[in-house]
Amino acid sequence: MTPETVLVVDDEDPIREIARRYLEEAGFAVVEAADGDDALARFQSAAPDLVVLDIMMPGIDGLEVLRRLR
């Protein structure tokens with residue numbers, strides 16, 4: 001059985017690292033993105049089951065990413 005995939009989006013490397021570590025320990029596959037543009041691209045390619053999204057990011061902020069994903 002393939003594990004569920006979580007897309008973790010945050011512009012801060014340490015936050016993504018912590019989230020990735022906990023999620024992988026819980027059995028999830030994790031895809032990371034460092035900004036809104038990368039998040040949109042990785043969402044298309046990975047088709048995650050869940051997105052953990054930072055709201056305050058440079059460029060396309062998390063709210064705009066959410067609007068586009070919906």
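In what follows, residues are counted from 1 in the order of the sequence shown. Excluded from the calculations below are hydrogen atoms, water molecules and symmetry mates; all remaining heavy atoms, backbone and side chain alike, are included.
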For residues 50-62, dump all side-chain donor-acceptor pairs below 3.5 Å to protein atoms at least two apart in sequence or in another chain.
from: D54; atom 1: OD1; to: M56; atom 2: N; distance (Å): 3.4
from: D61; atom 1: OD1; to: L63; atom 2: N; distance (Å): 3.2
from: D61; atom 1: OD1; to: E64; atom 2: N; distance (Å): 2.8

- Task: Can you sort out the partners of A29 under side chain to side chain contact (heavy atoms under 4.5 Å, CB included), two or more places apart, ordered by chain and number?
- Result: P3, T5
- Note on the structure: Here the salt bridge (Lys or Arg N to Asp or Glu O under 4.0 Å) pairs for residues 39-53, sequence neighbours left out, are D38-R42
- Using the test side chain to side chain donor-acceptor pair (under 3.5 Å), find all partners of D35 that sit at least two apart in sequence or belong to another chain. none
- Note on the structure: Sorted by chain and number, sequence neighbours left out, side chain to side chain contact (heavy atoms under 4.5 Å, CB included) with A46 holds for V31, P48
For residues 7-20, which side-chain donor-acceptor pairs fall under 3.5 Å, sequence neighbours excluded?
from: D10; atom 1: OD1; to: E12; atom 2: N; distance (Å): 2.8
from: D13; atom 1: OD1; to: R16; atom 2: NH1; distance (Å): 3.2
from: D13; atom 1: OD1; to: R16; atom 2: NH2; distance (Å): 2.6
from: R16; atom 1: NE; to: E32; atom 2: OE1; distance (Å): 3.2
from: R16; atom 1: NH1; to: D10; atom 2: O; distance (Å): 2.7
from: E17; atom 1: OE1; to: R20; atom 2: NH2; distance (Å): 2.7
from: E17; atom 1: OE2; to: R20; atom 2: NH2; distance (Å): 2.8
from: R20; atom 1: NE; to: E32; atom 2: OE2; distance (Å): 3.1
from: R20; atom 1: NH1; to: E24; atom 2: OE1; distance (Å): 2.8

